[in-house]
Amino acid sequence: MTETAPTLGQARRLIVKIGSALLVDDATGQIRRDWLDTMADDIARCRARGQEVVIVTSGAVAVGRESLGLTGRVLRLEEKQAAAATGQIRLAHAYQDALARHNITVAQVLLTLDDTEARRRHLNARATINTLLRLGAVPVINENDTVGTSEIRFGDNDRLAARVAQMISADTLVLLSDIDGLYTADPRKDASATLIPEVRVLTPEIEAVADEPVAGYGTGGMVTKIAAARIAMAAGCRMVIAKGKELKALSALDRPAAEGGAMCTWFLPSAEPLTARKRWIAGHLNVGGGLVVDEGALSALGRGGSLLPAGVVAVEGRFQRGDLVAVLDRQGREVARGLVAYAADDARRVAGRHSRDIESILGYRGRDELIHRDDLVLV
Ligand code: GLU
């Protein structure tokens with residue numbers, strides 16, 4: 001828990017969620033380049049001080065509908081999906097251009113909410129985004145609207161951003177919106193409404209405030225933002241709702257409001273992301289199989305290491321990549337559990353072997369670890 005007032009400067013791995021209303025001019029359907037350019041300046045500044053930045057952006061439908069002549073009426077799902085298909089290209093280009101001014105490479109990642117929920121794809125998406133960050137790129141993420149099977153709703157990206165935060169163990173999520181935070185009541189209806197600067201527990205009262213549908217409060221309203229806060233806090237990620245319309249919206253979060261920074265609402269979790277991730281793994285109920293390990297592996301795990309194939313003497317049961325499996329000692333006692341990086345058949349083939357042999361045994365180069373230490377909890 002932070003005792004000093006929370007600011008953006010404390011973030012190490014930062015997700016910035018940008019809504020359509022900020023990025024796209026309502027009247028023309030064009031991307032607001034001046035806004036995006038200053039956002040890129042802000043992002044470059046965060047990176048220059050050592051912070052990793054991931055962008056979750058909306059706007060594909062809003063930008064694409066114009067170019068397809070789909071304006072001035074409510075779109076059917078397939079029309080929205082078509083609009084997203086053309087808009088997404090423009091969106092990606094706009095980010096690429098804006099960040100290229102700072103010599104920053106962007107990488108487009110299109111996800112569906114399901115990718116973050118299904119563990120198998122989750123492991124891959126997590127590894128890909130981690131790799132992009134390690135290589136210095138800024139992932140620009142949106143929902144894969146064109147192939148989605150459910151209605152595209154505004155506000156989905158609030159939840160998507162929180163799921164991404166959970167998936168990559170981000171410590172800070174910024175939801176840029178057209179309201180500066182969560183109020184005790186609807187400030188347009190109730191003059192006594194005040195901004196809540198800090199939330200540590202999502203109480204029923206807070207959920208009740210969010211339940212009020214208030215038009216104009218960001219396309220997704222407060223409901224999706226509180227849903228995002230619930231996911232982020234459970235994942236050990238701080239979240240802030242702040243007004244994004246003004247230029248330099250990120251810089252404004254560098255100082256607390258009392259010291260001239262932006263008014264905003266911070267949602268502060270009680271745990272760190274990795275602790276929360278391990279709790280999430282420990283809380284899984286369905287153990288798909290078991291890996292029996294030797295003494296060397298046991299002591300490596302005890303020292304906080306990953307589980308390598310070399311230390312595995314037997315593989316039990318059937319499981320898929322990304323499933324939860326138990327790690328057992330030779331007596332069959334469970335010593336740890338974790339998300340396994342190989343399916344049971346492949347795990348059997350590499351068990352007892354050195355990681356450098358994985359490629360020649362399986363015909364593809366997978367991970368060096370059977371269970372990475374971030375995906376493993378001792379029991
Ligand atoms: N994915 C949608 C888009 O790019 C927007 C979803 C949202 O606004 O939350 O247009």
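Note: hydrogens, waters and symmetry copies are ignored here, and every other heavy atom, side chains too, is used. Atoms within each ligand, like the ligands themselves, are counted from 1 in listed order. Residue numbers run from 1 in the order of the sequence given.
Atoms of ligand 1 lying under 4.0 Å from any heavy atom of Asp156, numbered from 1 in the order shown and given with element: 9 (O). Every atom of ligand 1 is numbered from 1 in the order shown, and the set under 4.0 Å from a heavy atom of Asn142 is 1 (N), 3 (C), 4 (O). Atoms of ligand 1 found under 4.0 Å from any heavy atom of Ala60, numbered from 1 in the order shown, are 3 (C), 4 (O), 10 (O).
Within a 6.0 Å sphere centred on CZ of Arg348, heavy atoms belonging to other residues, nucleotides or ligands number more than 12.
Of the residues listed (Arg277, Arg126, His372, Arg321), the one engaging Leu339 in a side chain to side chain contact (heavy atoms under 4.5 Å, CB included) is Arg277, and it is the only one.
Salt bridge absent: Asp25 and Arg32 never bring a charged side-chain N and a carboxylate O closer than 4.0 Å.
Listed here is the closest heavy atom pair of Leu253 and Ala242: CD2-CB, 3.8 Å.
Between Thr57 and ligand 1, no N or O atom pair is found at a separation short of 3.5 Å. Looking at Ser20 next to ligand 1, no N or O pair under 3.5 Å apart turns up. Ligand 1 has no nitrogen or oxygen under 3.5 angstrom from a nitrogen or oxygen of Ala62. Ligand 1 has a nitrogen or oxygen under 3.5 angstrom from a nitrogen or oxygen of Ser58.
When heavy-atom distances to ligand 1 are checked against a 4.0 Å cut-off, Asp145 comes that close only through its side chain, counted from C-beta outward.
Looking at heavy atoms from C-beta onward, Tyr95 lies out of side-chain contact with Ile31 at the 4.5 angstrom threshold.
With distances taken over non-hydrogen atoms, the option nearest atom 10 (O) of ligand 1 out of Leu91, Val61, Ile18 is Val61.
Side-chain polar atoms of Tyr183 and Asp180 form a donor-acceptor pair below 3.5 angstrom. In this model, no donor atom of one side chain and acceptor atom of the other lie less than 3.5 Å apart for Arg65 and Thr71.
Within the structure, ligand 1 lacks Ala84 among the residues with a heavy atom less than 4.0 angstrom away.
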